[in-house]
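Computed from a prediction, not measured in an experiment: that's the story for all the values here.
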Amino acid sequence: MRHGKSGVKLGRSNAHRKMLIRTLMTQLFKHERIKTTEAKARAIRREAEGLIRMATKGDLHARRQIMKVIQDRAVVEKLIHVIGPDMAQRPGGYTRVIKLGPRLGDAAPMVFVELVE
């Protein structure tokens with residue numbers, strides 16, 4: 001039964017889905033803007049906002065929790081020292097999703113996911 005299970009499956013196995021979300025979040029924090037499908041954007045938005053919320057604290061526990069998900073040390077440093085302090089004054093809503101229209105090959109709805117300035 002599916003009691004209490006939430007989130008999208010994205011047509012992938014559990015391990016593949018987790019790695020996809022990790023990779024997309026790493027690229028989002030590295031480049032501050034990524035182009036992806038709408039379903040993937042919805043899947044990473046909640047997780048990314050949680051990591052930014054942890055980065056605003058900036059303590060050792062928050063760093064270790066972030067390192068569980070994002071394993072690129074340079075991206076974690078950027079998240080804690082650059083993105084976290086910039087977002088510390090905001091009460092939430094750290095990311096923005098901008099719709100672009102359908103992709104040419106398969107008409108999947110494409111979006112930009114970016115960090116709010």
Visitor: Would you say E114 and E32 make side-chain contact, with heavy atoms under 4.5 Å?
Guide: no
Visitor: Do V97 and I44 sit in the same hydrophobic cluster, where Ile, Leu, Val, Met, Phe, Trp and Tyr count as joined when their side-chain heavy atoms come under 4.5 Å apart?
Guide: yes
Visitor: Check the hydrophobic clustering (I, L, V, M, F, W, Y; side-chain heavy atoms under 4.5 Å; chains of links allowed) and say if L51 and L115 are grouped together.
Guide: yes
Visitor: Check whether V8 and L24 end up in the same hydrophobic cluster, where Ile, Leu, Val, Met, Phe, Trp and Tyr are linked by side-chain heavy atoms less than 4.5 Å apart.
Guide: yes
Visitor: Let me check something: do I83 and F112 share a hydrophobic cluster, defined by ILVMFWY side-chain heavy atoms less than 4.5 Å apart, either directly or through other members?
Guide: no
Visitor: Would you say the side chain of Y94 lies within less than 4.5 Å of the side chain of V116, judging by non-hydrogen atoms?
Guide: no
Visitor: At their closest point, which heavy atom of A108 faces which heavy atom of T37, and how far apart are they?
Guide: CB-CG2, 4.3 Å
Visitor: Do the side chain of R45 and the main chain of R96 share a donor and acceptor less than 3.5 angstrom apart?
Guide: no
Visitor: For a side chain to side chain contact (heavy atoms under 4.5 Å, CB included) with T26, tell me which candidate from I70, I34, V69 qualifies.
Guide: I70
Visitor: For atom CZ of R46, is the number of surrounding heavy atoms from other residues, nucleotides or ligands below 6.0 Å larger than 12?
Guide: no
Visitor: Same cluster for M110 and I21 if Ile/Leu/Val/Met/Phe/Trp/Tyr side chains link at under 4.5 Å?
Guide: no
Visitor: Indicate the atoms forming the closest heavy-atom contact of L79 with A55, along with that distance.
Guide: O-CB, 3.5 Å
Visitor: What's the shortest heavy-atom distance between R17 and K9, and which atoms?
Guide: NH1-O, 3.1 Å
Visitor: For a side chain to side chain contact (heavy atoms under 4.5 Å, CB included) check, start with the C-alpha distance between V111 and K40, then their side-chain angles and the critical distance, and finish with the verdict.
Guide: CA-CA 9 Å; V111 296; K40 291 175 189 173; over 6 Å; no
Visitor: What is the minimum heavy-atom distance between A62 and M54, and which atoms define it?
Guide: CB-O, 3.3 Å
Visitor: Does R63 use its side chain to pair, donor to acceptor, with the backbone of H61 at less than 3.5 Å?
Guide: no
Visitor: To the closest 0.5 Å, what do you measure between CD1 (I66) and CZ (R53)?
Guide: 11.5 Å
Visitor: Could you walk me through whether E77 and R73 pass the salt bridge (charged side-chain N to carboxylate O under 4.0 Å, His left out) check?
Guide: CA-CA 6 Å; E77 292 298 319; R73 196 171 291 272; 5.5 Å; no
Visitor: Quick one: does E49's side chain have a donor or acceptor within less than 3.5 Å of a partner on T95's backbone?
Guide: yes
Visitor: Counting heavy atoms not belonging to L104, are there more than 12 under 6.0 Å from its CG?
Guide: no
Visitor: Between K35, R33, Q27, which is the residue that forms a side-chain hydrogen bond (donor to acceptor under 3.5 Å, both in side chains) with H31?
Guide: Q27
Visitor: So do the side chains of R12 and M19 get within less than 4.5 Å of each other, counting heavy atoms only?
Guide: no
